[in-house]
Amino acid sequence: MLTVLKHPLITHKLAIMRNQETGTKDFRQNLNEIGGLMVYEISRDLPTEPITVQTPVEKCVTERISKDIVLVPILRAGLGMVDGIANLIPTVKIGHIGLYRDEETLEPHEYFCKMPTNSKNAVVYVVDPMLATGGSAAAAITLLKKRGINNIKLVCLVGVPEGVKRIEDEHPDVDIYLAALDEKLNEKGYIVPGLGDAGDRIFGTK
Ligand code: PRP
Ligand code: URA
């Protein structure tokens, strides 16, 4: 299922990120802040279990999250969303998947994968700002499933219908969350209007 989060704060911050005049520091800050704003929605259906807490007044039965949570940024650009999300989920563990997209073929190439040991039983959020052809996200999810990890949600900032369709076709069990659904891909595989190369804008590499 696709959820596009529509919220004035998200749209405002994304407009700052889309602006080509925005520098790396502000780009990173707004990316992290949008990641944080998205947490409220992506965590809505986390399971809980009852606990008893002694307040200063009396004992009460309340609830706490009952599943492990793992955040998996797709390197590099996914790293730009980690702090904003992890700061709001105190128990979160963090895995990493390294993929880069060949600029000619647009095919993803894996170069790194390190997951926390509890991942099979956890709710796993794969994060990457850009869902373009969907090749990188689809490959990351396939890689996780091969390791027996099946409770996966995909959290991206900007996507296009092509990328959404690819994930829906290849991984229909994976919920997709976007801050914006843009129009299309251009001939170089960039999202239009998009925000350019997310990795380069986060790390200042171009
Ligand atoms: C970008 C982006 C996604 C991917 C999206 O990464 O961060 O991972 O492209 O494109 P796709 O949906 O067509 O696969 P890139 O490969 O440029 O690597 P980087 O994060 O190291 O810059
Ligand atoms: N990767 C990016 O960083 N930006 C795009 O527009 C598409 C893929």
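Note that ligands are numbered from 1 as they come in the structure, with each ligand's atoms numbered from 1 the same way.
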Looking only at non-hydrogen atoms, which of [options] approaches [atom] most closely?
atom	options	value
atom 8 (C) of ligand 2	R201, R101, R76	R101
atom 4 (N) of ligand 2	A132, G196, G159, G163	G196
atom 7 (O) of ligand 1	L75, V158, D128	D128

**Report entry** Spacing of I74 atom CD1 and F112 atom CZ [to the nearest 0.5 Å]
**Finding:** 14.0 Å

Query raised in the report: Are G134 and ligand 1 in contact, using a heavy-atom cut-off of under 4.0 Å?
Result: yes

Query - A198 contact mode with ligand 1 (heavy-atom cut-off under 4.0 Å) - result: neither

Query raised in the report: Within a radius of less than 6.0 Å around NZ of K184, do more than 12 heavy atoms belonging to other residues, nucleotides or ligands occur?
Result: no

Does any N or O of ligand 1 fall below 3.5 Å from an N or O anywhere on [X], backbone included?
X	result
I74	no
D200	no
S136	yes

Query raised in the report: Counting only non-hydrogen atoms of the protein, does one fall under 4.0 Å from atom 12 (O) of ligand 1?
Result: yes

Query raised in the report: Would a 4.0 Å cut-off, counted as strictly less than, catch a protein heavy atom around atom 1 (C) of ligand 1?
Result: no

Report task. Applying side chain to side chain donor-acceptor pair (under 3.5 Å), run through R101 and T133 and close with a yes or a no. Result -> CA-CA 10 Å; R101 195 172 74 144; T133 65; 4.6 Å; no

Query raised in the report: Below 4.5 Å, heavy atoms only, C-beta onward: do T3 and D175 meet side chain to side chain?
Result: no

Report summary line: atom 6 (O) of ligand 2 has as its nearest protein heavy atom I191 N, 2.8 Å

Query - Element-labelled atoms of ligand 2 that are located less than 4.0 Å from some non-hydrogen atom of A198 - result: 2 (C), 3 (O)

**Report entry** G189 neighbourhood, listing ligand 2 atoms whose heavy-atom distance to it stays under 4.0 Å
**Finding:** 7 (C)

**Report entry** G199, any N or O under 3.5 Å of ligand 2 N or O
**Finding:** no

